[in-house]
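Have a look at the structure below before the remarks.
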Amino acid sequence: QVQLVESGGGLVQTGGSLRLSCAASGRTFSSIAMGWFRQAPGKEREFVATIAWNGIITYYADSVKGRFTISRDNAKNTVYLLMNTLNPEDTAVYYCAARDNSLPSTRYTEYHDWGQGTQVTVSS
């Protein structure tokens, strides 16, 4: 099992940037894929980005491609989500998740451990 703690959320104006962090402990972080998901009020949880164990393979949702960047520092057991050019449609609770596998996945059902979430609010 992996314990995950997100941080870095907050309130930002349209066009602004935020960097989310997710600190992991427990299972060997460097061998597992990680992902970011988000859930807006009244909507289902949706995929945002995922990264393989070595940081080389990444996938993004079309809605964030070119604006968001996922990265990881295995020495610090941390995964990041840099979010640029934010807009109100990005407002949601953002969740960090860990797979029991080294390869990335866009499906939330394939993630075994989840953080508590961090709120991101983008004002217009």
Side-chain angles (χ1 to χ4, degrees):
Q1 188 176 4
V2 180
Q3 292 75 45
L4 303 170
V5 179
E6 301 100 332
S7 61
L11 175 64
V12 64
Q13 291 186 334
T14 295
S17 299
L18 283 174
R19 189 179 79 157
L20 305 183
S21 299
C22 174
S25 61
R27 186 159 21 107
T28 304
F29 176 79
S30 60
S31 65
I32 59 175
M34 300 292 295
W36 285 97
F37 293 77
R38 66 186 182 186
Q39 188 166 18
K43 295 186 177 181
E44 293 187 352
R45 189 167 299 190
E46 66 172 354
F47 165 74
V48 176
T50 181
I51 188 167
W53 66 279
N54 57 6
I56 294 177
I57 303 172
T58 59
Y59 298 115
Y60 296 91
D62 288 342
S63 59
V64 306
K65 201 172 295 183
R67 299 188 299 124
F68 291 11
T69 302
I70 188 171
S71 61
R72 64 191 296 161
D73 186 338
N74 286 345
K76 296 183 178 179
N77 283 6
T78 302
V79 63
Y80 304 97
L81 185 67
L82 175 61
M83 306 184 295
N84 293 322
T85 321
L86 285 161
N87 58 66
E89 289 69 41
D90 296 315
T91 295
V93 176
Y94 283 71
Y95 297 91
C96 171
R99 290 203 71 195
D100 190 14
N101 190 295
S102 61
L103 298 178
S105 171
T106 63
R107 302 177 180 178
Y108 75 88
T109 55
E110 295 185 355
Y111 288 79
H112 292 255
D113 299 293
W114 293 82
Q116 81 289 349
T118 185
Q119 176 70 48
V120 171
T121 303
V122 185
S123 63
S124 57

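In this text the structure is predicted, and so the values were computed from the model without any measurement. Numbering starts at 1 and runs along the sequence shown.
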| said: Working note: F37 + Y111, criterion ring-ring contact (aromatic ring centres under 6.0 Å, His included); need CA distance, chi angles, decisive distance, verdict. | reply: CA-CA 11 Å; F37 293 77; Y111 288 79; 5.1 Å; yes

| query | When you look at L4 and M34, which way does the side chain to side chain contact (heavy atoms under 4.5 Å, CB included) test go after all the steps? | reply | CA-CA 11 Å; L4 303 170; M34 300 292 295; 3.8 Å; yes

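Heavy atoms from other residues, nucleotides or ligands lying under 6.0 Å from CD of Q116 number more than 12.
Under the 3.5 Å distance criterion, with hydrogens and angles disregarded, no donor-acceptor pair is assigned to the side chains of T14 and N87. Judged by distance alone, the side chains of E110 and S105 do bring a donor and an acceptor atom under 3.5 Å apart.
Residues Y108 and E44 fail the side-chain proximity criterion, which asks for heavy atoms closer than 4.5 Å.
Remark: the backbone N or O of G117 is paired with a side-chain donor or acceptor of E6 at under 3.5 angstrom. Listed for the T58 side chain is no donor-acceptor partner under 3.5 Å among the backbone atoms of I51.
Note that CZ of R38 is 8.5 Å distant from NZ of K43, once rounded to the nearest 0.5 Å. With rounding to the nearest 0.5 Å, the separation of OG in S21 from CG in L81 is 9.5 Å. Expressed to the nearest 0.5 Å, how far CZ of F47 lies from CH2 of W36 amounts to 13.0 Å. S31 contributes atom OG, which lies 11.5 Å from atom CG of N54 (distance to the nearest 0.5 angstrom).
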Contacts under 3.5 angstrom, residues 64-72 side chains, donor-acceptor by atom type, not counting sequence neighbours:
{"residue": "K65", "atom": "NZ", "partner": "D62", "partner atom": "OD1", "Å": "3.2"}
{"residue": "R67", "atom": "NH1", "partner": "T85", "partner atom": "O", "Å": "2.9"}
{"residue": "R67", "atom": "NH1", "partner": "D90", "partner atom": "OD2", "Å": "2.8"}
{"residue": "R67", "atom": "NH2", "partner": "S63", "partner atom": "O", "Å": "2.9"}
{"residue": "R67", "atom": "NH2", "partner": "D90", "partner atom": "OD1", "Å": "2.9"}
{"residue": "R67", "atom": "NH2", "partner": "D90", "partner atom": "OD2", "Å": "3.4"}
{"residue": "R72", "atom": "NE", "partner": "W53", "partner atom": "O", "Å": "3.4"}
{"residue": "R72", "atom": "NE", "partner": "N74", "partner atom": "OD1", "Å": "2.8"}
{"residue": "R72", "atom": "NH1", "partner": "I32", "partner atom": "O", "Å": "2.8"}
{"residue": "R72", "atom": "NH1", "partner": "A52", "partner atom": "O", "Å": "2.9"}
{"residue": "R72", "atom": "NH2", "partner": "F29", "partner atom": "O", "Å": "2.8"}
{"residue": "R72", "atom": "NH2", "partner": "I32", "partner atom": "O", "Å": "3.0"}
{"residue": "R72", "atom": "NH2", "partner": "N74", "partner atom": "OD1", "Å": "3.3"}

